[in-house]
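Report on the structure given below.
Below, all heavy atoms of this structure are taken into account, side chains as well, without hydrogens, waters or symmetry copies. When a residue number appears, it is its place in the shown sequence, counting from 1.
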Amino acid sequence: VDADPSRIVVCGGVAEVLALVARVLRARGARRLGVENPSHRSTRGLLAHHGMDVVAIEVDEHGIDVDALAAAAPDAVLVTPAHQFPTGVVLSAGRRAELAAWVRRTGAYVIEDDYDAEYRYDRLPIGAVQGLAPEHVIHAHSVSKTLAPGLRLGWAVLPSHLAAEVAAEKALSDLGTPVLEQLTLAAFLARGELDRHLRQTRPLYRRRRDALLHGLPGLPAAGAAAGLHALVGLPPGSDESQVAAAAATNEVAVEPLGPHDMTGDHEPALILGYSRLSEPALIEAAKRLRAALAG
Ligand SMILES: Cc1ncc(COP(=O)(O)O)c(C=O)c1O
C-alpha cells in the first residue's frame with residue numbers, strides 16, 4: 001500500500017470508510033456502485049443506505065469479472081481482492097492488472113475492502129490493488145479482524161485528491177475518531193505488539209480451521225487458505241437455511257450463503273467462522289453440524 005500519511009484518514013472501521021466515501025463520491029456526482037456477487041450483505045447495504053445504486057458483478061475463480069464490470073460501467077466498485085467475501089477467492093494477477101487499467105482508463109474508483117488480509121495460512125501475502133493505482137483506489141482496513149471488531153478503529157488510504165474531502169466529511173460527521181484509542185494502538189504498533197500478536201494468532205487460527213474442516217469430511221471448503229471463515233458446500237439439493245436453522249437449535253451458529261447472493265443462483269453452502277472457538281469446541285460444532293445435515 002502506498003500509505004503516505006497525507007493520504008490516510010483514521011475512522012471507525014471499514015464500515016465508516018464506506019459511509020464517508022459513499023457520501024463524498026455522491027457529492028461528486030457518482031451514483032452507480034458495482035459490488036461483487038456474492039458479497040457481504042451488510043457492506044453493500046451500508047453503501048445503498050448512503051445513496052449508491054448497487055449493481056451486482058459476478059465473481060468467478062479469478063475474482064471479479066472485469067469485462068462484466070467494464071460493461072456495467074459503474075462510477076466505482078467495491079472489491080475484496082485479498083480474500084473475496086464470502087467465496088475466499090483471491091483476485092488473480094491478471095484481473096488486478098485489468099482492474100487497475102479499467103480505473104485509469106475510465107476515471108472510476110476501486111474501493112478495496114482489505115478486511116482480513118493479515119490472516120493467511122497456505123499461501124503467500126498478496127499485494128494490495130491500491131499499490132497498482134494509488135490515485136484511483138480507496139483502500140480500507142481496520143483492526144476488527146486482527147484485534148477486535150468492538151474497537152471500531154480503522155483507516156482509509158485515499159487518492160491524494162480525495163483525502164481532504166473525506167477528512168472534511170469525517171469532521172462534519174463526528175469531529176474525529178477517539179484519540180485515546182488511536183494513541184493506544186500507535187503505542188501497540190510501535191512496540192511491535194501487533195506483529196507479535198499476528199505471529200501468535202496465525203498458527204492458532206490455522207489449527208482452528210483444520211479442526212473444523214477435518215470434522216466435516218466430504219463437504220468441499222472454499223477459500224480456507226486465508227481469512228477467518230470458510231465457505232462450505234452442502235450436498236446438492238440441501239436447503240441451506242433449514243440446515244442453518246437446525247444447527248442453531250443445537251447452539252451452532254452458521255450463516256447460509258443465500259443472503260449474500262444478489263441473484264440467488266448458487267449451490268447450497270454455509271459460511272463458517274472459526275476464529276472465536278477453541279479446537280475442542282470446533283470439533284463439537286462440526287459434529288452437531290453433521291447431525292443437522294443428517295436430520
Ligand atoms: C467483508 C467485510 N468487510 C467489511 C467489514 C466491516 O469491517 P469493520 O469492522 O472494519 O467495519 C466486515 C465485517 O465483518 C466484513 O466481513
Dump the intermediate steps for side-chain contact (heavy atoms from CB on, under 4.5 Å) on E36 and T80, then the final yes or no. CA-CA 8 Å; E36 297 166 318; T80 45; 2.7 Å; yes
Show your working on side-chain contact (heavy atoms from CB on, under 4.5 Å) between T201 and Y119 and close with a plain yes or no. CA-CA 9 Å; T201 50; Y119 288 107; 2.9 Å; yes
Decide yes or no on side-chain contact (heavy atoms from CB on, under 4.5 Å) for D53 and L33, but give the supporting numbers first. CA-CA 6 Å; D53 291 339; L33 178 94; over 6 Å; no
Test V232 against L213 for side-chain contact (heavy atoms from CB on, under 4.5 Å), laying out the working first. CA-CA 9 Å; V232 171; L213 297 184; 4.1 Å; yes
May I have the step-by-step check of salt bridge (Lys or Arg N to Asp or Glu O under 4.0 Å) for E16 and R152, ending in yes or no? CA-CA 9 Å; E16 194 187 14; R152 307 311 306 140; over 6 Å; no
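A 4.5 Å side-chain heavy-atom check between R202 and E118 finds at least one atom pair inside the cut-off. Side-chain contact check for D122 versus R206: some heavy-atom pair is nearer than 4.5 Å. Contact check for P74 versus M52: no side-chain heavy atoms found under the 4.5 Å cut-off. Side-chain atoms of Y115 and H141, non-hydrogen and from C-beta on, never get closer than 4.5 Å to each other. When side chains are defined from C-beta on, I111 counts as touching L18, because their heavy atoms get closer than 4.5 Å. Using a 4.5 Å cut-off on side-chain heavy atoms (C-beta onward), L78 and D113 make contact. Annotation: side chain of L185 is in contact with side chain of L147 (closest heavy-atom distance under 4.5 Å). L158 places none of its side-chain heavy atoms less than 4.5 Å from the side chain of I8.
The closest donor-acceptor contact from the side chain of T177 to the backbone of V10 lies under 3.5 Å. At distances below 3.5 Å, not a single donor-acceptor pair connects side-chain atoms of S238 with backbone N or O atoms of E240.
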Which pairs would a plain distance check flag for residues 214-230, meaning a side-chain donor or acceptor within less than 3.5 Å of a matching protein atom at least two apart in sequence or in another chain?
from: H214; atom 1: ND1; to: D210; atom 2: O; distance (Å): 3.3
from: H229; atom 1: NE2; to: P86; atom 2: O; distance (Å): 3.2

Could you give the side-chain donor-acceptor pairs of residues 281-289 under 3.5 Å, partners two or more places apart or in another chain?
from: E284; atom 1: OE2; to: R288; atom 2: NE; distance (Å): 2.9
from: R288; atom 1: NH1; to: N250; atom 2: O; distance (Å): 2.8

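Taken from CG in L183 to CZ in F188, the straight-line distance is 15.0 Å, to the nearest 0.5 Å. Here the straight-line distance linking atom CD of E169 with atom CZ of R26 works out to 12.0 Å at 0.5 Å rounding. Distance check: Q84 CD to H62 NE2 gives 14.0 Å after rounding to the nearest 0.5 Å. Note that CG of D195 is 11.5 Å distant from CD of Q200, once rounded to the nearest 0.5 Å.
Under the 4.5 Å side-chain contact rule for hydrophobic residues, V243 and V252 share a cluster. Residue L46 is grouped with residue L20 when hydrophobic side chains (ILVMFWY) are merged at heavy-atom distances under 4.5 angstrom, including chains of intermediate members. Under the 4.5 Å side-chain heavy-atom criterion for Ile, Leu, Val, Met, Phe, Trp and Tyr, V1 and L162 are members of distinct hydrophobic clusters. No path of Ile, Leu, Val, Met, Phe, Trp and Tyr side chains, each step under 4.5 Å between heavy atoms, connects V24 with V157, placing them in separate hydrophobic clusters.
Counting only residues at least two apart or in different chains, salt bridge (Lys or Arg N to Asp or Glu O under 4.0 Å) contacts with residues 81-107 comprise D60-R95.
R23 and S173 make their closest contact through NH2-CB, 3.6 Å (heavy atoms, listed as atom of the first residue, atom of the second, distance). The two atoms that bring D261 and H266 nearest to each other are OD2-ND1, 2.6 Å, heavy atoms only. Taking all atoms of both residues into account, the shortest heavy-atom contact from P134 to G131 is CD-O, 4.0 Å. Closest heavy-atom contact between D114 and A82: OD1-CB, 3.9 Å. Here the shortest heavy-atom pairing between P159 and Y109 reads CG-CE2, 4.2 Å. Annotation for A244 and P256: closest pair CB-CD, 4.0 Å, computed over non-hydrogen atoms.
For E58, the CD atom is densely surrounded, since the number of other residues' heavy atoms within 6.0 Å is greater than 12. The local environment of NE2 in H197 is crowded, with over 12 non-hydrogen atoms from other residues, nucleotides or ligands closer than 6.0 Å.
Listed by chain and number, the residues in a side-chain contact (heavy atoms from CB on, under 4.5 Å) with R41 are R44, E255, P259, H260 (sequence neighbours excluded). A168 pairs by the side-chain contact (heavy atoms from CB on, under 4.5 Å) definition with nothing, not counting sequence neighbours.
Salt-bridge check for E279 with R209: failed, with every basic side-chain N at 4.0 Å or more from each acidic carboxylate O. By the 4.0 Å N-to-carboxylate-O rule, R31 lies too far from D75 to be salt-bridged with it. One finds a salt bridge joining K170 and D174 here, because a Lys/Arg side-chain nitrogen approaches an Asp/Glu carboxylate oxygen to under 4.0 Å.
Aromatic ring centroids of H40 and F85 lie under 6.0 Å apart.
Through side-chain heavy atoms spaced under 4.5 Å, either directly or across other Ile, Leu, Val, Met, Phe, Trp or Tyr residues, I64 is tied to V55, I57, V66, L69, V77, V79, L91, L99, W102, V103, V110, V129, V137.
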